[in-house]
Enquirer: 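Have a look at this one.
Side chains are part of it too, since the values below use all heavy atoms of this structure and drop only hydrogens, waters and symmetry mates.
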Amino acid sequence: MAPRANWKGFLRLSLVTCPVALYPATSDSEKISFNQLNRATGHRIKYLKVDADTGEEVANEDIVKGYKVDTDTFIEVTKDELENVALESTRTIEIDEFVDRSEIDPRYLIRPYYLRPDGKVGHDAFAVIRETIREMDKVAIGRVVLTNREHIIALEPLDKGLMGTLLRYPYEVRDPAEYFDEIQDVKVTKDMLDLARHIVEQKAGNFEPEKFEDQYETALVDLINQKRAGRPIVPKDRPKGENVVDLMEALRRSVGGAKSAPTPAAKKPAKKAKKAAAGQKEMLMPIAGKKPAKETTAKKAPARQRKTA
């Protein structure tokens, strides 16, 4: 069952309109999370909203938004006043233009969403918009209001639906010159490039997300297992970085290591990433909030991989 929609409204291309719903395309709910505790009592920490001057707790209905003008001066803005700043994109994603996907700088990408028809009506209009974008091999650019902010959204076909990616505004992207200007200009020789290119060719493969395992998540499961079983925690040795004294020699040694390693075609199938639930089979009890692992028989196919966040 699909999660609750983050936004519902209409998708419009000129005079073609259909009701749609926007859903988050990623989730962090399967990741292990921690609570803050009082070391002395073991009780959870509770945060209160208090007046900065009086120290007294303030009820939610008495809390309003304010824009800071200077140290002690705020301009209060009410909920009704914010709602009066009504934008058409609050209820409608209007497609403004179509661009090539290659023109969108990756720095402008924020997060992906799934867009689908809302209800039983509008599927025909939705299909027309979707297939037009697919046929033109373009990305549709529109605007949508989420969490009281208007965002640019890029729409492109994905299976029977649309994927919408929120985009940043130019003022949100930092100037790289602030970070890169102090990088030294280094002349890289052809021999170095040839050796480095050989290393890359030896490690070439295809992007298959399911073969990647969240090693930190796995380590957290192991840590919790050990603590719940009362076993002592032994610190692991941390890898030590080494300064490269002779870059050419390091490249040559890397090429030698790459040659001795099997090529991608000869490698055994990568070990599939563990699901968070699967990792909990070893738990004394399942971690709260996680789905229990399903038992499988030898005749059944392996469980599906967990979606990446």
Enquirer: So, the side chain of Asp100 versus the backbone of Ser102: is there a donor-acceptor pair under 3.5 Å, distance only?
Expert: no
Enquirer: How far does CZ of Arg44 sit from CG of Asn35, to the nearest 0.5 angstrom?
Expert: 4.0 Å
Enquirer: Let me confirm one number: the CG-NZ distance from Asp118 to Lys8, rounded to the nearest 0.5 Å.
Expert: 4.5 Å
Enquirer: With a 4.5 Å limit on heavy-atom distance, are the side chains of Leu195 and Ser254 in contact?
Expert: no
Enquirer: Looking only at side chains, do Tyr179 and Arg174 share a donor and an acceptor under 3.5 Å apart?
Expert: yes
Enquirer: Under a single-linkage definition using a 4.5 Å side-chain heavy-atom cutoff for Ile, Leu, Val, Met, Phe, Trp and Tyr, are Leu166 and Phe98 assigned to the same hydrophobic cluster?
Expert: yes
Enquirer: Testing Leu146, Thr26, Leu155 one by one against Tyr113 for a side chain to side chain contact (heavy atoms under 4.5 Å, CB included), which residue passes?
Expert: Leu146
Enquirer: So for atom CZ, which belongs to Arg231, do other residues, nucleotides or ligands contribute more than 12 heavy atoms lying within a distance under 6.0 Å?
Expert: yes
Enquirer: Please check if the side chain of Asp159 supplies one atom and the backbone of Gly161 the other of a donor-acceptor pair under 3.5 Å.
Expert: no
Enquirer: Distance from Glu30 atom CD to Asp214 atom CG, nearest 0.5 Å?
Expert: 12.0 Å
Enquirer: Taking the side chain as every heavy atom from C-beta outward, state whether Val188 and Leu193 have any pair of such atoms under 4.5 Å apart.
Expert: yes
Enquirer: Does atom CG (Asp124) have a neighbourhood of more than 12 heavy atoms from anything else shown, all under 6.0 Å?
Expert: no
Enquirer: Taking Arg107's backbone N and O only, do any of them form a donor-acceptor pair with Arg168's side chain (distance below 3.5 Å, no angle check)?
Expert: yes
Enquirer: Quick check: do Ile233 and Leu223 have side-chain heavy atoms less than 4.5 Å from each other?
Expert: yes
Enquirer: Considering only NZ, NE, NH1 and NH2 on the basic side and carboxylate oxygens on the acidic side, decide whether Arg143 and Glu94 come within less than 4.0 Å.
Expert: no
Enquirer: Would Ile104 and Leu167 count as a side-chain contact (heavy atoms from CB on, under 4.5 Å) here? Give the steps.
Expert: CA-CA 9 Å; Ile104 301 178; Leu167 304 178; 4.2 Å; yes
Enquirer: Any chance you could lay out the side-chain contact (heavy atoms from CB on, under 4.5 Å) test for Tyr23 and Asn6, step after step, and finish with the verdict?
Expert: CA-CA 6 Å; Tyr23 298 85; Asn6 279 29; over 6 Å; no
Enquirer: Return the minimal non-hydrogen interatomic distance between Val221 and Ile32, and the atom names on each side.
Expert: CG2-CD1, 3.6 Å
Enquirer: Any side-chain to backbone donor/acceptor pair from Glu81 onto Thr78? Under 3.5 Å, distance only.
Expert: yes
Enquirer: Using only atom types and a distance under 3.5 Å, with no angle test, would you say the side chain of Asp175 pairs donor to acceptor with the backbone of Glu178?
Expert: no
Enquirer: May I ask you to decide if Leu13's main-chain N or O and Thr17's side chain share a donor-acceptor pair within less than 3.5 Å?
Expert: no
Enquirer: Is any side-chain heavy atom of Arg149 closer than 4.5 Å to one of His151?
Expert: yes
Enquirer: Would you check if the side chain of Thr41 reaches a backbone N or O of His43 as a donor-acceptor pair within less than 3.5 Å?
Expert: yes
Enquirer: Side chains of Tyr67 and Glu76: do they bring a donor and an acceptor to under 3.5 Å?
Expert: no
Enquirer: Would one find more than 12 heavy atoms of other residues, nucleotides or ligands at under 6.0 Å from atom OH of Tyr169?
Expert: yes
Enquirer: A quick test of your reading: do over 12 heavy atoms of other residues, nucleotides or ligands sit less than 6.0 Å from CD of Gln184?
Expert: no
Enquirer: For Asp96 and Gly142, which heavy atoms make the closest approach, and how far apart are they?
Expert: OD2-CA, 4.2 Å
Enquirer: Quick check: closest heavy atoms across Trp7 and Thr92, and the distance to 0.1 Å?
Expert: CZ2-N, 3.8 Å
Enquirer: Are Tyr216 and Phe34 linked, directly or through intermediate hydrophobic residues, by side-chain heavy-atom contacts shorter than 4.5 Å (ILVMFWY only)?
Expert: yes
Enquirer: Quick check: is Ile152 connected to Tyr108 through a chain of hydrophobic side chains (ILVMFWY, heavy atoms under 4.5 Å apart)?
Expert: no
Enquirer: First locate atom CG of Leu15, then atom CZ of Arg12, and finally report the distance between them rounded to the nearest 0.5 Å.
Expert: 8.5 Å
Enquirer: For Ile129 and Ile95, which heavy atoms make the closest approach, and how far apart are they?
Expert: CG2-CD1, 3.9 Å
Enquirer: Is there a side-chain contact between Ile133 and Leu162 (heavy atoms, below 4.5 Å)?
Expert: yes
Enquirer: Return the NZ to CZ distance between Lys138 and Arg101, rounded to the nearest 0.5 Å.
Expert: 13.5 Å
Enquirer: Given side chains that start at C-beta, do those of Tyr114 and Leu22 come closer than 4.5 Å, heavy atoms only?
Expert: no
Enquirer: State, to 0.1 Å, how close Ala154 and Val139 come at their nearest heavy-atom pair, and which atoms those are.
Expert: CB-CG1, 3.5 Å
Enquirer: Can you find a pair of side-chain heavy atoms, one from Val58 and one from Val50, that are under 4.5 Å apart?
Expert: no
Enquirer: On a heavy-atom basis, which atom in Pro19 and which in Val121 lie closest, and how many Å separate them?
Expert: CG-O, 3.8 Å
Enquirer: Given side-chain contact (heavy atoms from CB on, under 4.5 Å), test Glu213 with Thr218 step by step and report yes or no.
Expert: CA-CA 8 Å; Glu213 179 181 350; Thr218 301; 2.8 Å; yes
Enquirer: Are there over 12 heavy-atom neighbours, none belonging to Met136, within less than 6.0 Å of that residue's CE?
Expert: no
Enquirer: Decide if atom CG of Asp185 counts as having more than 12 heavy atoms of other residues, nucleotides or ligands within a radius under 6.0 Å.
Expert: no
Enquirer: Determine, step by step, whether Tyr47 and Gln36 satisfy the side-chain hydrogen bond (donor to acceptor under 3.5 Å, both in side chains) criterion, reporting the C-alpha distance in whole Å, the side-chain angles of both residues, the deciding distance to 0.1 Å, and the verdict.
Expert: CA-CA 10 Å; Tyr47 288 94; Gln36 292 187 323; 2.3 Å; yes
Enquirer: Is the shortest heavy-atom distance from the side chain of Leu115 to the side chain of Ile93 under 4.5 Å?
Expert: yes
Enquirer: Would you kindly confirm whether Ile110 and Ile153 end up in one hydrophobic cluster when ILVMFWY residues are joined by side chain heavy atoms under 4.5 Å apart?
Expert: yes
Enquirer: Distance-only, no hydrogens or angles: does the Thr73 side chain make a donor-acceptor pair with backbone N or O of Val69 under 3.5 Å?
Expert: no
Enquirer: Are the side chain of Arg130 and the backbone of Lys160 linked by a donor-acceptor contact shorter than 3.5 Å?
Expert: yes
Enquirer: Taking it one step at a time, do Met192 and Thr189 satisfy side-chain contact (heavy atoms from CB on, under 4.5 Å)?
Expert: CA-CA 5 Å; Met192 289 183 176; Thr189 66; 3.3 Å; yes
Enquirer: Strictly distance-based, threshold 3.5 Å: is any side-chain N or O of Asp28 a donor or acceptor partner for the main-chain N or O of Lys31?
Expert: no
Enquirer: Within a radius of less than 6.0 Å around CD of Glu103, do more than 12 heavy atoms belonging to other residues, nucleotides or ligands occur?
Expert: yes
Enquirer: If you draw a 6.0 Å radius around CG in Asp137, do more than 12 non-hydrogen atoms from other residues or ligands fall strictly inside?
Expert: no
